Novice: 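Supplied in structure tokens, the structure appears directly below.
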Amino acid sequence: MRRKTLLFSVSVLLSCLCYTTATARNAFAYGLSSELSADQTQFTLNYSLNDTANSATLVFFNGVNQVKTVILTDTVPGSYIKQIDINDLPSNVTLTWSVVVNSDIVAAPTVDKTVYSFYHSQGVAVDKNYESPYYGRIYATESYNPSKTGYHSSTLLDGLYVFDPQLQPVTNENGNYGFLGGQTFPAKFTDGTTTSYAPRKVRVTEDGRVFITGQNDAGCCLWEVDPSNLNANFTKVISGTQNAIYEFVDGSSNFIAAPNVGFDVKGSGENLKLLMLSGNKNGIAFAYSGYRLDEYNLGTATTWTTVPSSNIAALSGKYTIASTNASVTYDNEGGIWYSQARSAATNEQPSLVHVNSEGVEDFFNGAGYNRYGGSGIAFNKDFTKLAIGEDRISATQGVVRIYTVSKDGTGKPVLTKDYDVTTCGRNNNDICWDMADNLYVVNSSNEKLEVFALPRTSGDVATPAASKYAFKIVSTGIESANVKAAQVIAGKGIINVIGEANSIEVYTITGILVSRNHTDITCDAGIYLVRVDGQTTKVVVK
């Protein structure tokens, strides 16, 4: 039995890869499911492809050992059902499987031909949770009513818009585009003069929860969306009594939240945290004192009605000067990046700031670092690349710059430019990546949602099936392998496996084995795959 050296991948010689711009997007598989026949000999596979691939391969694993591969003949965008003969698979072991898709590596960022028009989109996100039945789904917000027809959002106006991985729009219960969730998003604050942007940002958590924020005074600044029923009413998560400056406060006038400007999420389950850059009425009127950055340890709760868990003092009460031009994002080490578009940055109005896990500024781009390309900022899947709305080429063209992220000798972040992505508009308000290194950008100058295939080191993208599709062939029939497993917990510099386990293997996100059969694993900060008795859990170590 041959040993796999790269988890969830098929070996490919990089020297044989070709560079071309034939593929509009980097291809990947999604919509994976399976069913086994009663006689244990047939495996019914369901899979879909987002774009044209060179090849697709079904790979079965026993732990990290590859035990069978099947070439899939359908490689164009669409959904497929295949009957696979599996009578040669080993019995009495837990088997998992993936679909590995190979597509050409583009030599330079390549824009997809499918482009959607939004009048003032402020948010875009992709579901990257392998356990989610909606893996690969794209969410975008329309934050201000289109002033004329001709936009994708013209029928519903402001609201949440959804696309499948093939960039086909998902329709609502009336057969139109967009979802309001029973909410009313006013165009103005109650003062009647200040523009309201809602829904503003959208984010999907590691375990598939979907949240949208609002820069408004309509009684709520954070809603949760049910991805399984987009037509259902959105759940009000952070709400409260509003005071005269639009802040949500509790019965003792303690601050809870305010209209949202920037938003991000990290963690999952009980460890889920929310990062909210908020601006009250003073901030909307261009005063630094109106803005603050707070963290909320939401966990598995669905509502929040008390003060924030913590305030990020280094990014509160200063810097932000224009609510439509600022964003925040977590890194993978407990730090935070703050991005602000400024045509003439100053030390009082910087363009880029990083605050480390101790709350200390360790990166600052102030005077001389002008960035007029929007405030969008986002990491790729393994936090090695950072995309930032960076510059304007003209009134109709902007730049998203891709950086490699490293550290200097003192541990401070260093950004090294890789290349530029030319967008159709200069105000690139929000950015996200999918697991295949496709980049999604929304802007409010040329008013578009664009998707770019980015260069990669490998053309392979592996999509593992959800854990509920693991299986075991036994003499008495098929047993579900979705049984109670040992618990995997990630902390600061350590991974703990709690409970009974026959085998434990810990891999980096790139497939390098770092530990075998240890329950307490000391490791550097980063993303790891922990396989316990054939079940894989992705964890983030701080």
Side-chain angles (χ1 to χ4, degrees), residues 7 125-130 203-209 262-277 293 295-299 309-310 312 314-315 327-339 352-363 376-388 402-408 410-416 418 430-437 439 454 457 488-496 506-512 514-515 521-530 536-542:
L7 188 64
V126 174
D127 189 338
K128 293 178 280 190
N129 174 25
Y130 293 128
R203 294 292 182 264
V204 184
T205 68
E206 292 175 12
D207 51 357
R209 296 175 70 178
F263 176 60
D264 201 18
V265 296
K266 74 172 179 179
S268 61
E270 295 180 353
N271 297 316
L272 176 63
K273 294 185 177 183
L274 314 177
L275 188 67
M276 297 193 71
L277 176 64
L293 184 63
E295 191 170 59
Y296 300 78
N297 299 338
L298 184 65
S309 303
S310 61
I312 313 301
L315 292 169
S327 296
V328 289
T329 189
Y330 283 112
D331 64 19
N332 64 329
E333 297 182 338
I336 297 164
W337 286 93
Y338 167 90
S339 171
L352 193 63
V353 179
H354 182 264
V355 175
N356 65 23
S357 59
E358 305 301 321
V360 177
E361 277 185 17
D362 58 3
F363 184 102
I377 182 169
F379 279 98
N380 67 344
K381 58 182 178 293
D382 60 3
F383 290 88
T384 59
K385 304 289 184 181
L386 185 61
I388 308 177
I402 308 300
Y403 293 96
T404 292
V405 184
S406 59
K407 291 182 180 181
D408 65 15
T410 67
K412 295 179 180 180
V414 175
L415 301 182
T416 304
D418 288 344
D430 207 15
I431 302 167
C432 70
W433 308 62
D434 65 19
M435 298 297 276
D437 285 344
L439 194 74
L454 300 185
T457 57
V488 180
I489 299 175
K492 188 171 184 178
I494 194 169
I495 298 171
N496 301 114
V506 179
Y507 293 83
T508 66
I509 194 66
T510 57
I512 299 173
V514 297
S515 175
I521 302 100
T522 301
C523 48
D524 295 332
I527 301 175
Y528 294 86
L529 300 174
V530 183
T536 300
T537 302
K538 182 173 72 174
V539 298
V540 178
V541 175
K542 299 177 182 179

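FYI, the numbering just counts along the sequence from 1. Since the model is a prediction, treat every value here as computed from it, not as a measurement.
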Novice: Which pair of non-hydrogen atoms, one from Thr205 and one from Asp207, has the smallest distance, and what is that distance?
Specialist: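 Taking Thr205 first and Asp207 second, the nearest heavy atoms are OG1-OD1, 2.5 Å.
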Novice: Counting N and O atoms only, with roles assigned by atom type, does the side chain of Ser309 sit under 3.5 Å from a partner on the main chain of Asn297, one being a donor and the other an acceptor?
Specialist: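 Here the side-chain-to-backbone pair exists.
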Novice: Which value, rounded to the nearest 0.5 Å, describes the distance between Thr404 atom OG1 and Asp418 atom CG?
Specialist: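 The distance works out to 3.5 Å.
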Novice: Could you tell me whether the side chain of Val540 reaches within less than 4.5 Å of the side chain of Glu206, counting heavy atoms only?
Specialist: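 Glu206 vs Val540: side chains touch.
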Novice: Tell me whether Asp524 at atom CG has more than 12 heavy atoms from other residues, nucleotides or ligands lying less than 6.0 Å away.
Specialist: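 Count not over threshold, so no.
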Novice: Can you check whether Glu295 reaches Ser310 side chain to side chain, under 4.5 Å on heavy atoms?
Specialist: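 They are in contact (side-chain heavy atoms under 4.5 Å apart), so the answer is yes.
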Novice: Using salt bridge (charged side-chain N to carboxylate O under 4.0 Å, His left out) as the criterion, list what pairs up with Lys381, not counting sequence neighbours.
Specialist: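 Salt bridge (charged side-chain N to carboxylate O under 4.0 Å, His left out) list for Lys381, sorted by chain: Asp437.
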Novice: Is there a donor-acceptor pair closer than 3.5 Å between any side-chain N or O of Asp264 and the backbone N or O of Tyr330?
Specialist: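 Looks like yes, one N/O pair under 3.5 Å.
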Novice: Of all heavy-atom pairs between Gly376 and Ser339, which one has the smallest distance, and what is that distance?
Specialist: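 Distance-wise, the nearest heavy atoms are O-OG, 4.4 Å.
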Novice: Begin from the C-alpha positions of Phe379 and Asn332 and carry the test side-chain contact (heavy atoms from CB on, under 4.5 Å) through to its verdict.
Specialist: CA-CA 9 Å; Phe379 279 98; Asn332 64 329; 6.0 Å; no
Novice: Going by heavy atoms in the side chains, are Leu293 and Tyr338 under 4.5 Å from each other?
Specialist: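 With C-beta onward as the side chain, the pair stays apart.
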Novice: Quick check: closest heavy atoms across Asp382 and Ile527, and the distance to 0.1 Å?
Specialist: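 Looking at all heavy atoms of both residues, the closest pair is CA-CD1, 4.1 Å.
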Novice: What distance separates Leu439 CG from Trp433 CH2, expressed to the nearest 0.5 Å?
Specialist: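 Reported to 0.5 Å precision, the distance equals 6.0 Å.
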Novice: If I compare all heavy atoms of Phe363 with all of Pro413, which pair ends up nearest, and what's the gap?
Specialist: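 Closest approach of Phe363 to Pro413, heavy atoms only: CD1-O, 3.6 Å.
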Novice: Measure the shortest side-chain to side-chain distance between Val414 and Ser406 over non-hydrogen atoms and say whether it is less than 4.5 angstrom.
Specialist: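 They are in contact (side-chain heavy atoms under 4.5 Å apart), so the answer is yes.
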Novice: Kindly indicate whether the side chain of Val204, heavy atoms from C-beta on, has any atom under 4.5 Å from the side chain of Lys128.
Specialist: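 Side chain of Val204 against side chain of Lys128, heavy atoms only: no contact under 4.5 Å found.
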Novice: Hey, what do you get for CG (Leu277) to CD1 (Ile312), rounding to the nearest 0.5 Å?
Specialist: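 Going from the CG atom of Leu277 to the CD1 atom of Ile312 covers 11.0 Å.
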Novice: Check this for me: Lys385, atom NZ, are more than 12 non-hydrogen atoms of other residues, nucleotides or ligands nearer than 6.0 Å?
Specialist: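 Check passes, neighbour count above 12.
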Novice: Is there side-chain contact between Leu415 and Val405, with heavy atoms separated by less than 4.5 Å?
Specialist: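 Result yes, sub-4.5 Å side-chain heavy-atom pair found.
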Novice: Which heavy atom of Leu272 sits nearest a heavy atom of Gly267, and at what distance?
Specialist: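 In this case the closest contact between Leu272 and Gly267 is CD1-O, 3.6 Å.
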Novice: Rounded to the nearest 0.5 Å, how far apart are NZ of Lys407 and CG of Asn356?
Specialist: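 Going from the NZ atom of Lys407 to the CG atom of Asn356 covers 9.0 Å.
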Novice: To the nearest 0.5 Å, what is the distance between CG (Leu454) and CD1 (Ile402)?
Specialist: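 Answer for the CG-CD1 pair, Leu454 versus Ile402, is 5.5 Å.
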Novice: At what distance, to the nearest 0.5 angstrom, does OG1 of Thr508 lie from CG of Leu529?
Specialist: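 Going from the OG1 atom of Thr508 to the CG atom of Leu529 covers 7.5 Å.
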Novice: Any carboxylate oxygen within less than 4.0 angstrom of a Lys/Arg side-chain nitrogen, looking at Asp430 and Arg203?
Specialist: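 Judged by the 4.0 Å cut-off on N to carboxylate O distance, Asp430 and Arg203 do form a salt bridge.
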Novice: If you compare all heavy atoms of Ile336 against all heavy atoms of Asp331, which two are closest, and at what distance to 0.1 Å?
Specialist: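 Of all heavy-atom pairs spanning Ile336 and Asp331, the closest is N-OD2, 4.3 Å.
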